[in-house]
Amino acid sequence: MTRQVEAHHYCGHLNEDMRQCLIYDRPDADARLIGLEYIVTEELFLTLPDTEKPMWHSHEYEVKSGVLFLPGVPGPVERKDLEKVAKTYGKTIHFWQVDRGDELPLGLPQVMMALTRDGQLYPSLAKDVESRYGVSFEKERANRAYMEGPTHGIHPKANAAGIGLKTVLREIECKPSVQSESVPRVFV
């Protein structure tokens, strides 16, 4: 949680249990595609292997705190969708580390986590977003107090199981298969 970025999601529903979202750094025409997020229902999340679950984050806090909002969507429509999102889990991968000032997507893609409790969001980022979009996170928090998170509570292995995760690259030897004497190469 040492780095935070404003993330604008544009999502499609693959089916009732899964959404897939492209993430941009801003809503403008010149926005940069910085990552993607897969969003799944609690039921689908619970089928994942335990080794996979720490790479997924819950959405309950983001929704109920008011920091996740749908600009331009009427309140009743927004709340209807967010009632569903509050019960989901997401896996987010960022390819472009715009907060470092990178002009291109450099380095390894990073699994990103979400806000999961009060005190994590940088106050300067919160104030800036509230000002630009004319929203009040506190008012939205009050409006969403009735919403519920996952039926079984937030899974203990979600949200990086409470510890940080880091993507690493390691070199491995690529040995030819027994049937082949050399490693095949393909050029396109």
Check whether any side-chain N or O of [X] sits under 3.5 Å from a backbone N or O of [Y] as a donor-acceptor pair, and report yes or no.
X: Ser65; Y: Glu62; value: yes
X: Asn159; Y: Pro54; value: no
X: Glu6; Y: Arg26; value: no
X: Asn15; Y: Met18; value: yes
X: Glu37; Y: Ile93; value: no
X: Glu130; Y: Phe137; value: yes
X: His13; Y: Arg19; value: no

Interatomic distance, [X] atom [atom1] to [Y] atom [atom2] [nearest 0.5 angstrom]:
X: Ile23; Y: Cys11; atom1: CD1; atom2: SG; answer: 8.0 Å
X: Asp25; Y: Arg32; atom1: CG; atom2: CZ; answer: 4.5 Å
X: Leu115; Y: Leu125; atom1: CG; atom2: CG; answer: 8.5 Å
X: His57; Y: Phe45; atom1: NE2; atom2: CZ; answer: 10.5 Å
X: Leu33; Y: His94; atom1: CG; atom2: NE2; answer: 10.0 Å
X: Leu44; Y: Ile39; atom1: CG; atom2: CD1; answer: 12.5 Å

Can you get from [X] to [Y] by hopping between Ile, Leu, Val, Met, Phe, Trp and Tyr side chains that sit under 4.5 Å apart?
X: Leu14; Y: Leu48; answer: yes
X: Leu121; Y: Met112; answer: no
X: Val5; Y: Leu36; answer: no

Report the C-alpha separation of Glu83 and Tyr146 in whole Å, then their side-chain angles, then the decisive distance to 0.1 Å, and conclude whether the side chain to side chain contact (heavy atoms under 4.5 Å, CB included) test is met.
CA-CA 9 Å; Glu83 288 169 0; Tyr146 73 93; 2.6 Å; yes
Test: Glu52 and Lys91 ion pair at under 4.0 Å
yes
Does the distance from a Lys or Arg side-chain N to an Asp or Glu carboxylate O, for Asp81 and Lys84, drop under 4.0 Å?
no
For Leu46 and His152, run side chain to side chain contact (heavy atoms under 4.5 Å, CB included): C-alpha distance rounded to whole Å, both residues' side-chain angles, the deciding distance at 0.1 Å, then the answer.
CA-CA 10 Å; Leu46 291 173; His152 300 291; 3.7 Å; yes
Give the minimum heavy-atom separation between [X] and [Y], together with the two atoms involved.
X: Gly35; Y: Phe95; value: CA-CD1, 3.7 Å
X: Ala114; Y: Ser58; value: CB-O, 4.4 Å
X: Trp56; Y: Val40; value: CZ3-CG2, 3.6 Å
X: Val85; Y: Leu68; value: CG1-CD1, 4.4 Å

Considering only heavy atoms from C-beta outward, does the side chain of Asp99 approach that of Gln4 to under 4.5 Å?
no
Those residues at least two apart in sequence (or on a different chain) that pass ring-ring contact (aromatic ring centres under 6.0 Å, His included) with Phe69 are Tyr133
As a quick check of understanding, evaluate side chain to side chain contact (heavy atoms under 4.5 Å, CB included) for Glu42 and Thr88, giving each step before the final call.
CA-CA 5 Å; Glu42 177 183 23; Thr88 64; over 6 Å; no
Go through it in stages, so that I can follow the logic: the residues are Ile34 and Tyr24, the test is side chain to side chain contact (heavy atoms under 4.5 Å, CB included), and I'd like the CA-CA distance, side-chain angles, deciding distance and then a yes or no.
CA-CA 5 Å; Ile34 61 172; Tyr24 290 86; 5.8 Å; no
Salt bridge (Lys or Arg N to Asp or Glu O under 4.0 Å) partners of residues 9-18, not counting sequence neighbours, each pair once
none
Residues 111-127 vs salt bridge (Lys or Arg N to Asp or Glu O under 4.0 Å), sequence neighbours excluded, gives Asp118-Arg141
Identify, with sequence neighbours excluded, every residue that meets side chain to side chain contact (heavy atoms under 4.5 Å, CB included) alongside Lys64.
Glu60, Met147
Of all residues at least two apart in sequence or in a different chain, which pass the side chain to side chain contact (heavy atoms under 4.5 Å, CB included) check with Ala142?
none
Taking the ring of His59 and the ring of Tyr89, is the distance between their centroids below 6.0 Å?
no
Please report, to 0.1 Å, the donor-acceptor pairs under 3.5 Å made by any side chain of residues 70-80, with sequence neighbours excluded.
residue : atom : partner : partner atom : Å
Glu78   : OE2  : Leu70   : N            : 2.6

Do His9 and Gln20 get their side chains close enough for a donor-acceptor pair, meaning under 3.5 Å?
no
No-hydrogen, no-angle side-chain donor-acceptor test under 3.5 Å, Gln110 and Arg3
no
